[in-house]
Amino acid sequence: MMYHIDDLTCNGLRRPKGIDEKSPLFSWKLSSDRNNTFQIAYRIVVKSSGALAWDSGKVPENRNIEISYQGESLRSGVYYQWQVESWNNHGETAKSAESFFLTGIMDPALWQAEWIETGMAKKPLTDLTDAGAILAGKVSSDDKPEAKMDPAAYLRKEFVVHKPVKQALVYAAAHGIYELRIDRTAVSNLLAPEYTSYAEHLEYQTYDVTALLEPGVHVVSSILADGWYTGKIGLMGIGRQYGETNAFFMQLEILYEDDTRGRVITDEFFKWSYGAYDYADLFVGEYYDARKEPDGYDIPGYDDMSWQPVQTRNYGSRMLKGQSVAPVSVLRTITPAVRRTPKGEWVLDAGENIVGYTACSVTGTSGQEIGLEHSEVLDLQGNFLQNILGQNKHQKDRFICGANGENSYCPKFTFHGFRYVRVTGLAAVRAEDFIIHVIGSNLQRTGWFRTSDPKINQLQENIFRSQQGNMLAIPTDCPQRERAGWTGDMQIYAPTAVFLMDMQAFLKRWLYDMRLEQLADGQIPHVIPAIGSNKYIDGEDKEQICSAGWADACVIVPYRLHRAYGGLQVLQDNYDMMKRWMAYVEAQTGESCLWNRGFHFGDWLIPSIMQETGDPMETAERTREEVATAMYAYTSGIMTDIATALGDVAAAEHYRKRNLRIRTAFSDTYVGADGGMRHPYQGLYVLALQMDLVDAAKKAGCIQHLVELIHQAGDCLDCGFLSVPFLLDTLCECGEQKLAYKLLYQEAPPSWLYAVNQGATTIWERWSAILPDGTRTHSSYNHFALGCVGDFMYRHIGGIRMEEPGYKKIRIEPDLDCGLDWAEGELDSRYGKIKVSWSKGGGYALSVSLPPNTSGVVAVNGRQIEIGNGITLLRYNHLSSYC
Ligand code: BGC
């Protein structure tokens, strides 16, 4: 028989480099071809170069997630090999293949590098700060960005390797983003060091360059671009949000064969020069002039006499932390199709709306400029249309050919959200000369879902694509206009996100930044990392800079991670932040328990209000009070659970009581005797019912009101951001399952399938981004938020529902009468794969597969049966198990 261990992860990452936590967490997955398999004991052995660092001994436990390292102190820059052995209840033993993790800098005293800057004269910052004009779409990207943009800098230093090298590791970070080379080889990750709350948390990357260092002379060099640090970021598109100047930081640690050590660092011996990038901005794009490339700067002996000395800076290493998330990478490539538009322009079509950039290899003449301008839609006539308005939203790369003949170009310091690329500067465009790189944080896919309905399948694909495109260093709201870590968006989408991808390490890092950005009074800013220029949007001296439903992410996101992945660490890490936030809300709501003051985004972007007024703030205005109070009820309920899980009995009791009072106050204040509310919006009813805010006597009436509102809307949804994730669940829980599915399959706008019918390949920010008459509006076509229906489909159609955190216990309850002929859902949980498939035909056949160490219950047709792990086959009507 077969019993296997695989998918070993350390801090949630496979074979990570640069771990610098004292006690990293180990997890593994089990598989078995027997039913009812449980681990009864495990043993973890960690070694470095054959020497034992930790032997857990045989531990008689069935845990296989988040087991913390308890061995000797981890040393810096060391590969640790680790292996797991597992014993099960059938008397079988499994031994995993060896995995490893490489430590980063464990001892801060080891940091010897200095920060270096160029001191280049920078152009004055002229970005507009008029938020009103920008929000009203009255500002557009200017024609000559070079007039205000600064060039990227090239930096280099030569060094000598005297003797044979056993191991060489580079640690690098930057203010800005860097490409790092050892001689001609680029060794760095894309867009490193990524985006974090830089002042307190800046991640360094660890690269193994052993194979590149033969004895002899070498060059370490870097190209340093603006990135998030000084680039034109956020909704406002304003530069220099984190500092005035870019800086580079690098330390190369060499261990020679004879066990002596050497070190190369950034210091005053580096020199810098301008190069081929007249500018390189994440949002604006690159302006790359190949004629200016300082050829050979990355090989020893290059004449750098004309290069200038760098300036060293004492920024210290206090904020440095090893990269804790899978790096931004090229995830796949696409060869585009070529179109000639009615206007006669050349446009590349990626066939799907993606995030990345366009590389080309073309025949040109020296000085010829080729433009690559990116957009998500074409207009109704099929002409290129820049759908994103605003300041510094060019999304245009410009490439100047260096020589006559073959010229190649691939962007390095920018990315775009796009499906279409307008190509200028070439007489004829051939598809094979272009290749589109899809990039993102390299997160593991964990969810798959298919049904007999191709439109539903397309919807799930679109949800996945939007998630993939927006998980780039941080969870962004959209990949073109703002690329900001809007807390509300991630909060509503978290339950779907954790079905589709392994989000744990990625969101843990983001939550770390959230903790750093929390204000002294407990408030959480709207976007994490916080962006200084948001003050122009929020109002400079506002006392309240947070919103219900957005800041609540600090409670909801850790809770969702705990539920999806098990383990208490994520709750422990964030507990203090949550409690401080809850205390802030308690102070705002006082004795009344109603949050009826201050600014809130409310049930953001309610379709009917948008149609009536065109003003998103109107949705905020009309719904904020009920929504804020409902969200408070929601988080106080979650806090009761969290405090209980953490054993904080007094706090649990406090939140439980508060939750009761909020619910009573809500019902008394906002829900009339007949269950009606003062504002006729579906979302308010959804939130009231979902958060259990309606007195029992008024409940039936309340449900009736919701149902009527839906009918009045032509059986279409009319919910905003905060209520739409609960819409279908609420209806199902209120006995309106048929109506829930009607909304899911609805094709008239506003609906999920309307966009699918319009050819969408991603989730749009607005239900009617393309109007029924075909008009393309200037909005985002890649906002994952409204994809929050994704998990409903996994839970209700696929039937995969979690009973105990981490899916230790699983409830299989598919809605077999949802109107589909068959469905398949799969979730690669922390314990291993959960698979459910069912099909109709002379009754229903249901197949369930659960991983070792878990158990489940199948609830179909009003009957429940307990099942073990392994494979279970059932038939509808006469349930029989073939275990
Ligand atoms: C973003 C959202 C965000 C919202 C705040 C928008 O500009 O794109 O997704 O949550 O502002 O209400």
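Since the structure is predicted, the reported quantities are computational estimates derived from the model, not experimental observations. Each ligand, and each atom within it, is numbered from 1 in the order the structure gives.
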Summary of salt bridge (charged side-chain N to carboxylate O under 4.0 Å, His left out) pairs that have at least one residue in residues 753-769, sequence neighbours excluded: Arg481-Glu765
Asp349 and Arg419 ion-paired at < 4.0 Å: yes
Pair His201 + Tyr512: ring centers closer than 6.0 Å: yes
Interatomic spacing from CD1 in Ile537 to CG in Leu235 - rounded to 0.5 Å: 4.5 Å
Those protein residues which place at least one heavy atom below 4.0 Å from ligand 1: Asp477, Arg481, Glu482, Trp486, Asp489, Trp550, Phe601, Trp604, Phe721, Glu765, His783
Whether Trp595 and Trp581 hold their rings parallel, tilted or perpendicular, with breakpoints at 30° and 60°: tilted
Residue pair Thr775 / Asp773, side-chain donor-acceptor N/O under 3.5 Å: yes
